[in-house]
Every structure is written in C-alpha cells, then in structure tokens.
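Positions are given from 1 along the sequence.
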Amino acid sequence: LNTNPDGKIYPILTHGRGTEVHSQFFALANNILDEYARTNEPRAALFYSWMKAENQRDKDAYVARMGGARKECLFCGKELMNNSESTAGYYFETSDGNESGFLDSSCFLKLLCRSVFNIKGEINPTDPTLLLLTESATNSLFAFKTCDDSGKQRVDFRRIDSTGKVLTSRLLDFRDHSGGMFHDDKCPLYTLVTATLRGDSNSFRDAFLFVHPVKQDCPEEILQKDQYRGFKALKSQAGSLFI
C-alpha cells in the first residue's frame, strides 16, 4: 500500500486488513494453496521428467544414426572415425535412408575432379584449380541420382548451396576406369552410386544420394539433434530438384 499521507509503502498483509485488495489477495492465495494441496506431483517435476525422457530419446536417436552409418570410406576403405586425426570430410545419406556414412575428404575431391569435372592426369596439390575446387566443395552440397537417358544409364548430378540454389547441374556417364586413381582402379562415380543406390537385379533404387561436408575434427557432429534436423531439411530441398 502506498496511497497514504506519509507516502510510505506498507505490506497489504499487515496494513491492509479489511480492505478490498486484502480480500482479493486472500482469495488468490487460497486458490494457489488449494491447487498445490491437490497436486500429487508439481509441474516442475513433470517438466523435468519430460525433459529427461526427451534427452534420452535424442541420445538414443543419435546412437542409432551413428550405429547405422558406415565408418569406412567407400573408396579407399580407410577407417575414418577411430583415428586420432580424422580424414572424414563428407557425410552421405540416401533419400530412402537405406545407406549412410562418411567419406574421406581427398577421395571425394578426386571423384569431383575425375568423374564430375573431367580433370585428366595428376593434379599438383598447389594447382589453383584444385585449391578452388577444394574451397568450393567445402561450401557446397551434392546430390546424385541415377536416371535413364535415351536408354543409357547416367547420373543426374547437382551441386547446390545452403539455400537450395543449383550451382552446377550435369548428366554424368559411368566410366570403366579412373586411371589408377583408387586402389581398385574402378570408376569412382560407379563405386559411389552402386554402393549406395543399387537395388535388385543390378538395377538402381528410386532414390538419390545426398552428400554434405562435415568438420574433420568432429564429423559425427552432423548426426546430433539440431545439426541433423538442418541436414534433413537440406536433403528435402535437394529432393525437390529431382521431381
């Protein structure tokens, strides 16, 4: 109470007895106490239990995603996740969720050089073209989908940015050899799509492959809750390009 000649502030509890405002606060306090007495479990405890369950579900989902992802590079077979210095530079996942895993950074860059941009011969690590491609690849997303082009099996390739805008679009042919670039001397593009998109009877599934760059020092971060939600949104955007 501060509407008094002295201009002082007095508590309603002790100085406002018999007034209308005292009755209002008394009724409000009684309602709160009655509700508290009827509550077996406080809402704060219910919220804590819900948050605990949500956190456990997030952990279980993360473990499931990590458990289902390949830890060896599809190209060179290198173990990517248990090394003190990881070389995993990209995470891939098919649109139907059947295949997922990590790719060695240099192996994927070689695929882009040879199979996508058709760069021949050995490339010097200091070559400006390679440096430009490396920078571009770490800031781009990639989508691959097999298609039938006039009776010939090809790969519809898209390089997109983080907004879903197409930066590069090409129809790529499978090649029988890659010039000794990989340990098995196979076409890297063929290796990639057959390992991830092959279906029954030597056919390919009606799905596409989405590749996203990751941080080499913590590649598994992309599978954590918030980051994976963003990854799925980008994958969905990429899927609209093939409709």
Pair Arg158 + Asp156, salt bridge at N-O below 4.0 Å: yes
Reported SG-to-CG distance for the pair Cys76 and Asp104, which is rounded to 0.5 angstrom: 4.5 Å
Is there a side-chain contact (heavy atoms from CB on, under 4.5 Å) between Leu111 and Phe75 once you walk through the steps? CA-CA 9 Å; Leu111 177 143; Phe75 302 112; 3.5 Å; yes
Could you check Lys78 against Glu72 for salt bridge (charged side-chain N to carboxylate O under 4.0 Å, His left out), going step by step and ending with a plain yes or no? CA-CA 5 Å; Lys78 181 192 298 182; Glu72 302 82 19; over 6 Å; no
Ionic contact status for Lys232 with Glu93, cut-off 4.0 Å: no
I'd like to know if the side chain of Thr194 and the backbone of Tyr190 have a donor-acceptor N/O pair within less than 3.5 Å. yes
Considering residues at least two apart in sequence or located in another chain, which fulfil the side-chain contact (heavy atoms from CB on, under 4.5 Å) criterion with Gln216? Ser105
Which side-chain N or O atoms in residues 130-146 pair as donor and acceptor under 3.5 Å with protein atoms at least two apart or in another chain?
{"unit_1": "Thr134", "atom_1": "OG1", "unit_2": "Leu130", "atom_2": "O", "d": "2.8"}
{"unit_1": "Ser136", "atom_1": "OG", "unit_2": "Arg159", "atom_2": "NH1", "d": "2.9"}
{"unit_1": "Thr138", "atom_1": "OG1", "unit_2": "Thr134", "atom_2": "O", "d": "3.3"}
{"unit_1": "Thr138", "atom_1": "OG1", "unit_2": "Glu135", "atom_2": "O", "d": "2.8"}
{"unit_1": "Asn139", "atom_1": "ND2", "unit_2": "Glu135", "atom_2": "O", "d": "2.8"}
{"unit_1": "Ser140", "atom_1": "OG", "unit_2": "Ser136", "atom_2": "O", "d": "2.6"}
{"unit_1": "Ser140", "atom_1": "OG", "unit_2": "Arg159", "atom_2": "NH1", "d": "3.0"}
{"unit_1": "Lys145", "atom_1": "NZ", "unit_2": "Asp206", "atom_2": "OD1", "d": "3.1"}

Verify the cluster assignment for Val166 and Leu234: are they in a single hydrophobic cluster under the rule of side-chain heavy atoms below 4.5 Å apart? yes
Quick test of your reading: applying salt bridge (Lys or Arg N to Asp or Glu O under 4.0 Å), list the pairs with at least one residue in residues 190-199, sequence neighbours left out, ordered by first then second residue. none
Linking Ile, Leu, Val, Met, Phe, Trp and Tyr by side-chain heavy atoms under 4.5 Å, what else ends up with Trp50? Phe47, Met51
Would a distance-only check, ignoring hydrogens and angles, find a side-chain to backbone donor-acceptor pair under 3.5 Å from Thr191 to Cys187? yes
For Phe25, I'd like to know if atom CZ has over 12 heavy atoms of other residues, nucleotides or ligands within 6.0 Å. no
Would you find a donor on one side and an acceptor on the other, under 3.5 Å apart, between the side chain of Ser115 and the backbone of Leu112? no
Between the side chains of Asn31 and Glu35, does any donor sit under 3.5 Å from an acceptor? no
Between Pro219 and Met81, the two heavy atoms sitting closest are CG-CE, 3.6 Å
Apply the test side-chain contact (heavy atoms from CB on, under 4.5 Å) to residues Leu74 and Arg70: give CA-CA distance (whole Å), side-chain angles for both, the deciding distance (0.1 Å), then the verdict. CA-CA 8 Å; Leu74 293 175; Arg70 297 191 187 205; 2.9 Å; yes
Under the rule for side-chain contact (heavy atoms from CB on, under 4.5 Å), what residues qualify as partners of Ala45, not counting sequence neighbours? Glu41, Pro42
Using 0.5 Å steps for rounding, measure from the CG atom of Leu33 to the CZ atom of Arg38. 11.0 Å
Note: Asp173 and Arg154 closest approach over all heavy atoms is OD1-NE, 3.0 Å
Aromatic rings Phe108 and Tyr90: how do their planes relate, parallel, tilted or perpendicular, breaks at 30° and 60°? tilted
Can you list the steps and then say if Phe92 with Leu103 is a side-chain contact (heavy atoms from CB on, under 4.5 Å)? CA-CA 7 Å; Phe92 70 85; Leu103 299 172; 3.7 Å; yes
Do Phe117 and Leu172 share a hydrophobic cluster, counting only Ile, Leu, Val, Met, Phe, Trp and Tyr and linking them when any side-chain heavy atoms are less than 4.5 Å apart? yes
Which atom names give the shortest non-hydrogen contact between His22 and Gly16, and what distance separates them? CB-O, 2.9 Å
Go through the structure and list residues passing side-chain hydrogen bond (donor to acceptor under 3.5 Å, both in side chains) with Arg229, not counting sequence neighbours. Asp226
Can you measure from CG (Leu189) to CZ (Arg114) and round to the nearest 0.5 angstrom? 14.5 Å
Rounded distance [0.5 Å steps], NZ in Lys215 versus SG in Cys218: 5.0 Å
Taking side-chain hydrogen bond (donor to acceptor under 3.5 Å, both in side chains) as the definition, give me every residue that meets it alongside Glu54, ordered by chain and number, with sequence neighbours left out. Arg57
Other members of the hydrophobic cluster containing Ile32, with the 4.5 Å side-chain heavy-atom rule, please. Leu28
Taking Leu209's backbone N and O only, do any of them form a donor-acceptor pair with Thr94's side chain (distance below 3.5 Å, no angle check)? no
Heavy atoms, side chains only, cut-off 4.5 Å: are Ile160 and Leu167 in contact? no
Salt bridge present between Glu79 and Lys71 (N-O < 4.0 angstrom): no
Give me each pair satisfying ring-ring contact (aromatic ring centres under 6.0 Å, His included) with a member in residues 217-243, each pair once, sequence neighbours excluded. Tyr91-Phe231, Phe208-Phe242, Phe210-Phe231, His212-Phe231, Tyr228-Phe231
Is a donor on one side and an acceptor on the other found under 3.5 Å between the side chain of Asp149 and the backbone of Lys152? no
Go through the structure and list residues passing side-chain contact (heavy atoms from CB on, under 4.5 Å) with Glu20, not counting sequence neighbours. Gln24
Pairing residues for Arg205 by the side-chain hydrogen bond (donor to acceptor under 3.5 Å, both in side chains) criterion, not counting sequence neighbours: Asp96
Could you go through Leu109 and Ser106, starting from their C-alpha distance and side-chain angles, then the distance that decides it, and tell me whether this counts as side-chain contact (heavy atoms from CB on, under 4.5 Å)? CA-CA 5 Å; Leu109 286 174; Ser106 61; 5.6 Å; no
List the residues meeting side-chain contact (heavy atoms from CB on, under 4.5 Å) with Tyr62, not counting sequence neighbours, and say none if there are none. Arg65, Met66, Glu220, Leu223, Gln224
Gap separating the CG atom of Leu197 from the OG atom of Ser203, nearest 0.5 angstrom: 11.0 Å
